[in-house]
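See below for the structure under consideration.
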Protein chains: 2
Amino acid sequence: MDTHSKHLPAGERRAVTVEAVVELAGLQNPSEITTAAIAKHMNLTQGALFRHFSTKEAIWQAVMEWVAERLLARIDHSAHGIKSPLTAMEAIFMSHIEFVAEHPGVPRMMFGELQRSESTPAKRMVQTLIQRYGERLYRFIEKGKASGEMSPALDTEAAAMLFIGTIQGLVMQSLLVGDVERMRRDAPRVFAIYRRGIESAQ
Amino acid sequence: MDTHSKHLPAGERRAVTVEAVVELAGLQNPSEITTAAIAKHMNLTQGALFRHFSTKEAIWQAVMEWVAERLLARIDHSAHGIKSPLTAMEAIFMSHIEFVAEHPGVPRMMFGELQRSESTPAKRMVQTLIQRYGERLYRFIEKGKASGEMSPALDTEAAAMLFIGTIQGLVMQSLLVGDVERMRRDAPRVFAIYRRGIESAQ
DNA sequence: CAGAATATAGTAATTGATTACTATCTTATC
DNA sequence: GATAAGATAGTAATCAATTACTATATTCTG
């Protein structure tokens, strides 16, 4: 049972820290999240954080590792067993939106990291994540062209780029109106247009 | 000629400040731009900035006003005189990308402002800008549906959202690879897919 | 298996660096 | 020479990180 013990094993404490940051990023500007704010949000003193992470940057790295792992697992699982590449991409799209709706801080953190000019470990993790994401999309689109589901003249690279941009647009819209829930409603409407843009004429 | 005069009239100094911020935002994370960095970039002492702006927030507000004014003027001008709504939207798309390629700091600042939880004047300026942008797109899409150029079943709101998202995706890609020039090359490729998604079947 | 010894995880206070902003003195320009 | 604009040198607040010390587990030993 939950003993509410103040002392947690290092591994657990690190996990709790990552979750605290993900939560906070959904509530405020990620670049304004201080170590004091993280500690307060998990009922810990600020200094104690540095027993588990050598620097603040190390915290961000752990957070982005968490994101990369979860997001890729989620989209892989959503597409698993689906024959049609087009349907698989729709499943990936919806599960990605669902993930972001559950963790609204995630896209904020990712974009925030990409903004940085220096190449931090956290930024590199985001770059790797998006690269892997893009590779998966690339394969599905090529399969879709081969199967005739998608237009053979389709620009695969551009289609993968637009897929991610489509999600980015939904995220921006939700930031604009300050309503994460809208994303779930708007996702099918926007994907329908994207789908029309890549599928072969019937 | 450039007199390299240290003393500038207040109006000019404010304009130079705005330009310095826009430039800096293209080089580094906008949220990390300090008043000291702004001053240094325009060969001024940090304290002197506050002769022309009461607070740092006032600087950001002036910058976002500059952005809103220029961007809307640019897209309005690009679409002016074009009969076909679809062609007009393509012109808007390309001129927007051109604007962003000239000023890579602009989308970074806009997204950064939207991230903030508090409602600052600068954030409200961005919200107003995007709202006005969306209204223009909405009108073009409705006209396109009326003229038969675009699919009558098209979801206008979703199409406007995707238009902005498409640009957002290109921006993100350029952040990812750290190459603004790519945006100009990729823009037509991505817009072609978007166009296919909204135009009526031929 | 009791309890001393050690390792681990925490607190509270403090550090130097950096931040936006200000007060005062100086210089340039009309 | 009046005044607008800039330089210089401050301020208080905030930040990540470190310190000295304490509380709680875990391990070792007779």
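Below, chains carry the letters A, B, ... as their sequence lines are ordered, and counting in each starts from 1.
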I'd like a list of close polar pairs between nucleotides 2-5 of chain D and the protein, N/O only, cut-off under 3.5 Å.
residue : atom : partner : partner atom : Å
D:dA5   : OP1  : B:Ala10 : N            : 2.6

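- Ring-plane geometry between A:His96 and A:Tyr133 is classed as tilted, the angle between the planes lying from 30 to 60 degrees on a 0 to 90 degree scale.
- For the pair B:Glu32 CD and D:dC15 C1', the computed distance is 13 Å after rounding to whole Å.
- The CD-P distance, from B:Glu57 to C:dT19, rounds to 18 Å in whole Å.
- Considering only the side chain of A:Thr45, C:dT11 comes nearest among C:dC21, C:dT11, D:dT8.
- If you check every strand for non-hydrogen atoms under 4.0 Å, A:Thr34 touches sugar and phosphate atoms only.
- In summary, the side chains of B:Ser117 and A:Gln28 do not present any donor paired with an acceptor at a separation below 3.5 Å, with no hydrogens or angles considered.
- Contact check on B:Arg74 versus B:Glu102 returns a salt bridge, with a Lys/Arg side-chain nitrogen under 4.0 Å from an Asp/Glu carboxylate oxygen.
- Ion pairing of A:Arg108 with A:Glu113 is absent here, as no side-chain N (NZ or NE/NH1/NH2) approaches a carboxylate O to less than 4.0 Å.
- Using a 4.0 Å cut-off between charged nitrogen and carboxylate oxygen, B:Glu199 and B:Arg196 do not count as a salt-bridge pair.
- Taking atom CH2 on A:Trp60 and atom P on D:dA16, their separation rounds to 11 Å, with Å as the unit.
- Side-chain N/O atoms of A:Lys145 and A:Ser151 include no donor and acceptor closer than 3.5 Å.
- C:dG10 atom P lies 10 Å from atom CD of A:Glu12, rounded to whole Å.
- Put simply, CZ on A:Phe50 is 17 Å from P on C:dA12, counting in whole angstrom units.
- Between the P atom of D:dG6 and the CZ atom of B:Phe53 lies a distance of 12 Å, rounded to the nearest Å.
- Between the P atom of C:dT18 and the NZ atom of B:Lys56 lies a distance of 15 Å, rounded to the nearest Å.
- Rounded to whole angstrom, the span from the CD1 atom of A:Ile38 across to the C1' atom of D:dA17 amounts to 13 Å.
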